[in-house]
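Take a look at the structure below.
What you see is a predicted model; the values in this text were computed from it and never measured. The figures here come from the full heavy-atom set of this structure, side chains too, leaving out hydrogens, waters and symmetry mates. Just so you know, ligand 1 is whichever comes first in the structure, and atom 1 is the first atom listed for that ligand.
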Amino acid sequence: MDYLKWRLLPLLPLLASLVLFQIWSSLKPSQNECSLLNHKHFWIASKRIVTPKGVISGAVEVKGGNIVSVLGEDWQGNARTKHVIDYGEAVVMPGLVDVHTHLDDPGRAEWEGFPSGTRAAAAGGLTTLIDMPLNSFPSTVSKETFDLKIKAAEKRIYVDVGFWGGLVPENAFNRSALEGLLEAGVLGLKSFMCPSGINDFPMTTASHIKEGLSVLAKYRRPLFVHAEIQQEEGYLDMKDNADDAQSYSTYLKTRPASWEEAAIRELLAVTNGTRSGGPAEGAHLHIAHLSDARSSLDLIKEAKRSGDSLTVETCPHYLAFSAEQIQDGDTRFKCAPPIRDAANREKLWEALMDGHIDILSSDHSPTVPELKLLNDGNFLKSWGGISSLQFVLPVTWSYGRKYGITLEQLASWWSEKPAKLAGLDSKGAIAIGNHADIVVWEPEVEFDLNDGHPVYMKHPSISAYMGSRLSGKVLATFVRGNLVYNEGKHAPAACGVPILAR
Ligand SMILES: *[C@@H]1O[C@H](CO)[C@@H](O)[C@H](O)[C@H]1NC(C)=O
Ligand SMILES: *[C@@H]1O[C@H](CO)[C@@H](O)[C@H](O)[C@H]1NC(C)=O
Ligand SMILES: [Zn+2]
């Protein structure tokens, strides 16, 4: 034994330096590990590049992470570098900016997590996510809890990630607490008008929201609101129908459209303060995941006409599915507000096409299969939230083709307007000076979302989209010029940037 030890002794310095090198390289990912491409200066060429001025055939010049030129057919005459990636007919579009993602990290990383969620994003063509302040633990409602978020995201994100903070009763009337959170860099706030399902994220009333808006006005940042208020109507149904809890229509009755309408009616009594000259001028209110395309939408349209600083989003699952199609016991489709009838879905599409719904977001809100799928298909007990992040681009495209949606509309709903809402001036468009955040995809290529399809989200089995046939295959994703995803492969290192407002 002793003899062996002595023989190994001369090797110790070598071993020690190997270990040190390992530690050093794990701390500082080499530039090459951030990207599957070696070049820092290159062209991305295609016959279909989606720019704010329309779809062009040409090339995008990328240098040092930014877009430095966008040229048409004659680009080759101006090529200052010979490194060209020619994608031919594939579409080159701004990367998607998802303003509504629950990554559940830290604290509930077994539900999703920064690494799995951002790898799924990269594979789906999303280049920026804005993480919601709840479903992680603790909720992001103070400077201290926000620091934990930032720490958890460090070197663990494959795309850029920004953060919303929470507006809750505890901080709503405490200006210095809210200012501390905003100064620390959250891009805006989020609140609920009904129980959120998360204990440390209690609901707010219209008076909390009014206070929140007056603080946000100074920072010119938005407030996201989950707009449903419990009414007697659905609440009583929940108790009466406990026996028939496997039927989707039972769940639907427990959250009628009147809940959305009541919440929006209350909200609009305070959003008038955001009008020019009003006490909350500079603040902005954004209604999350609208499902009711009838009375609620009429109220929103009217408030916009009156000059309220107001926008509204809906999500792919409200556009893809209808209540009539959801099988009894298939709790993958449970979300709040609920997916409503097919006629409502048609109205949502109409409102989106007419510009009354401003943007799309995923509301990717997963959990573990035990909480989503078990309980014998009980819709009243199952977790409410749809898992979708990796698929939102092909889903929007596949279901939208029937309505004649264009590539420009996709870029507007999924990149340009979301970036504007979050205050991200250098993102959301293929334009000179912007970050080179780009998705390359083939709209015409179809695929089956079956067990053989690579899914990077943590729990593929809970996604409502498994089993669908979709159109639109993502080939490559660039984040700040780094090729972070390419045909089934991710860059080795997580070099996404945490985005802090200032
Ligand atoms: C307001 O928030 C600050 C900072 O979080 C805290 O120190 C203070 O105790 C709070 N004030 C009240 C009245 O709760
Ligand atoms: C906003 O509407 C409420 C309710 O109708 C009203 O009491 C309030 O005066 C209005 N505020 C502004 C700034 O217009
Ligand atoms: Zn959500």
Side-chain angles (χ1 to χ4, degrees), residues 98-104 108 111-112 117 129-136 138-147 163-184 189-198 201 203 206-211 213-215 217 224-228 264-283 285-291 299 302-303 306-310 313-318 334-338 360-367 383-389 392:
D98 184 18
V99 294
H100 193 150
T101 322
H102 298 266
L103 292 172
D104 310 335
R108 286 196 187 87
W111 289 16
E112 187 59 274
L129 306 178
I130 320 288
D131 182 45
M132 278 292 165
L134 71 163
N135 299 10
S136 49
S139 293
T140 312
V141 295
S142 62
K143 185 186 177 312
E144 291 71 28
T145 48
F146 183 48
D147 287 344
F163 309 89
W164 303 118
L167 176 74
V168 289
E170 183 193 322
N171 64 21
F173 289 103
N174 186 336
R175 200 172 177 106
S176 73
L178 275 187
E179 291 196 337
L181 183 55
L182 290 160
E183 303 274 343
L189 300 173
K190 160 82 182 282
S191 87
F192 272 70
M193 298 181 85
C194 58
S196 73
I198 294 289
F201 204 95
M203 61 184 261
S207 48
H208 297 125
I209 287 168
K210 192 173 176 186
E211 282 296 311
L213 285 174
S214 77
V215 178
F224 261 69
V225 178
H226 180 126
E228 280 184 297
I264 289 165
R265 218 174 266 288
E266 281 206 16
L267 276 178
L268 299 188
V270 297
T271 55
N272 60 358
T274 63
R275 291 178 197 167
S276 101
E281 183 182 351
L285 193 123
H286 181 76
I287 294 170
H289 47 50
L290 183 82
S291 173
L299 289 171
E302 198 183 308
S306 307
D308 292 13
S309 185
L310 182 70
E313 74 189 19
T314 193
C315 310
H317 39 272
Y318 301 116
K334 180 180 176 182
C335 58
L360 296 177
S361 76
S362 76
D363 193 11
H364 174 65
S365 182
T367 183
W383 170 257
I386 303 266
S387 167
S388 62
L389 191 61
V392 292

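- Heavy-atom contacts of Ala177 reach the following atoms of ligand 1: 2 (O), 5 (O) (cutoff under 4.0 Å).
- Just one residue in the list Asp131, Val99, Thr101 forms a side-chain contact (heavy atoms from CB on, under 4.5 Å) with Trp164, and that residue is Val99.
- Near Asn272, the atoms of ligand 2 lying under 4.0 angstrom from a non-hydrogen atom of the residue are 1 (C), 2 (O), 3 (C), 8 (C), 10 (C), 11 (N), 12 (C), 14 (O).
- Counting only distance, with no hydrogens or angles, the side chain of Thr271 and the backbone of Asp308 share no donor-acceptor pair below 3.5 Å.
- Within the 4.0 angstrom cut-off, atom 9 (O) of ligand 1 has no protein heavy-atom neighbours.
- Contact annotation for atom 2 (O) of ligand 2: protein present (non-hydrogen atoms, distance under 4.0 Å).
- Contact annotation for atom 14 (O) of ligand 1: protein present (non-hydrogen atoms, distance under 4.0 Å).
- Contact detail for Ala172 and Glu211: the closest heavy-atom pair is O-CB, 3.5 Å.
- Against a heavy-atom cut-off of under 4.0 Å, Ala269 is close to the following atoms of ligand 2: 1 (C), 2 (O), 3 (C).
- Pairing each heavy atom of Asn135 with each of Trp383, the nearest pair is ND2-CZ2, 3.5 Å.
- At least one donor-acceptor pair under 3.5 Å links the side chain of Ser291 to the backbone N or O of Pro338.
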Ser142/Thr145 under side-chain hydrogen bond (donor to acceptor under 3.5 Å, both in side chains): CA gap, chis, key distance, verdict: CA-CA 5 Å; Ser142 62; Thr145 48; 2.9 Å; yes

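- Of all the atoms in ligand 1, the ones that sit under 4.0 Å from a non-hydrogen atom of Asn174 are 1 (C), 2 (O), 3 (C), 8 (C), 10 (C), 11 (N), 12 (C), 14 (O).
- You'll find the side chain of Ile287 reaches within 4.5 Å of the side chain of Leu267, heavy atoms only.
- Ring geometry for His286 versus Phe224: interplanar angle of 30 to 60°, hence tilted.
- Ring geometry for His226 versus His289: interplanar angle over 60°, hence perpendicular rather than tilted (30 to 60°).
- Below the 2.8 Å limit, the Zn ion (ligand 3) has as protein N, O or S neighbours His100 NE2, His102 NE2, Asp363 OD1.
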